[in-house]
**Student:** 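Would you mind keeping the following structure in view while I ask a few things?
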Amino acid sequence: MKKYIMIMSVLLAFGNTLFAQVKTQIIAHRGYWNTEGSAENTISSLENAHKAELYGSEFDINMTSDGVLVVCHGPAVGNIPDVQKASFSEVMKVKFENGEGVPTLEEYLKAGKKGFKVKMADGSTKHVKVKLVAEVKSAAPEVEEEVIVKLAALVKKMKLQEQISVISFSYNACLLAAKYMPGVSVQYLMGDKTPEELMAAGINGIDYHYSLMLLNPDYVERAHKLGMTVNVWTVSDKAQMDAFVKLGVDYITTDYPALAKEVIEENNKAQFGAKQLRLR
Ligand code: MG
């Protein structure tokens, strides 16, 4: 029996090594908008992230002056100079070139929760859901608290705790997200805190600018040791994508998801090839 267990363990370890894949996954920055007929932070950009079978779709949350959470980067949107100072009805008048408008946060989350039917290369259809990476835009502290409280209520009502993560440049917003949304992954964007400092404050992920991560490559291992996730934004360059895949980051946030897919595939092939050689 002991011998059998030993043989099985060796086979399993061998199988894992042989078929190990790159673990880095792709998040579309402001949705997968960089395609024909889409626009940043729209439902079509969310749908495109599904069609490309990406890991996640990042989007930005702002609150209008009358307290409605909407999905747009801001501060300017359409002909409105500052979305946070505009009323909800004003924001709803904005139309992008492709004919879509600014989604409310609730509309965006509902679409993400439902997922999309995606046509596969072989003609079959598959129901796909991507992770929703919600960036809370910085605002006055009391506004940030209102945004997080409203977001937390929606997440709870829609049971999205597993599907959503919250990111922000505002450390205050990250602390509030950790407080009001237990069980939801929270990642800090600014880059001025170490993984250890963040973990001690209850923030369980880093999502740093690529230049900062290249200066601090040890953050990846340090964060992983603490059980934190590592995301890097916004990577457009193929060589940099490759460096981050090799560094073992969990997520690459990019405006070029197709390029990131290529890099991951190349790394998978290279790993497989190297293992085949070692086996000879
Ligand atoms: Mg963003």
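Order of listing sets the numbers, starting from 1, for every ligand and every atom in it. Keep in mind that this is a model prediction, so the values were computed, not measured. Starting from 1, each residue takes its place in the sequence as its number.
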**Student:** If you consider just the N/O/S atoms, which atom of E135 is the closest one to the Mg ion (ligand 1)?
**Tutor:**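 Within E135, restricted to N, O or S, the Mg ion (ligand 1) is closest to atom OE1.
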
**Student:** Can a donor-acceptor pair be found between the side chains of T234 and T253 at a distance below 3.5 Å?
**Tutor:**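 No, no side-chain donor-acceptor contact under 3.5 Å.
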
**Student:** Taking NZ, NE, NH1 and NH2 as the nitrogens, is one of them in K238 or E266 under 4.0 Å from a carboxylate oxygen of the other?
**Tutor:**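 The answer is yes: the pair qualifies as a salt bridge.
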
**Student:** Are there more than 12 heavy atoms of other residues, nucleotides or ligands under 6.0 Å from atom NZ of K85?
**Tutor:**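 Counting neighbours around NZ of K85, 12 or fewer heavy atoms of other residues, nucleotides or ligands fall under 6.0 Å, so no.
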
**Student:** What is the name of the N/O/S atom in E58 that sits closest to the Mg ion (ligand 1)?
**Tutor:**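 In E58, the N, O or S atom with the shortest distance to the Mg ion (ligand 1) is OE2.
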
**Student:** With respect to the Mg ion (ligand 1), what is the nearest N, O or S atom of D60?
**Tutor:**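 Checking each N, O and S atom of D60, the shortest distance to the Mg ion (ligand 1) belongs to OD1.
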
**Student:** Any salt bridge between K246 and D242, counting N to O under 4.0 Å?
**Tutor:**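 Result for this pair is yes, salt bridge flagged.
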
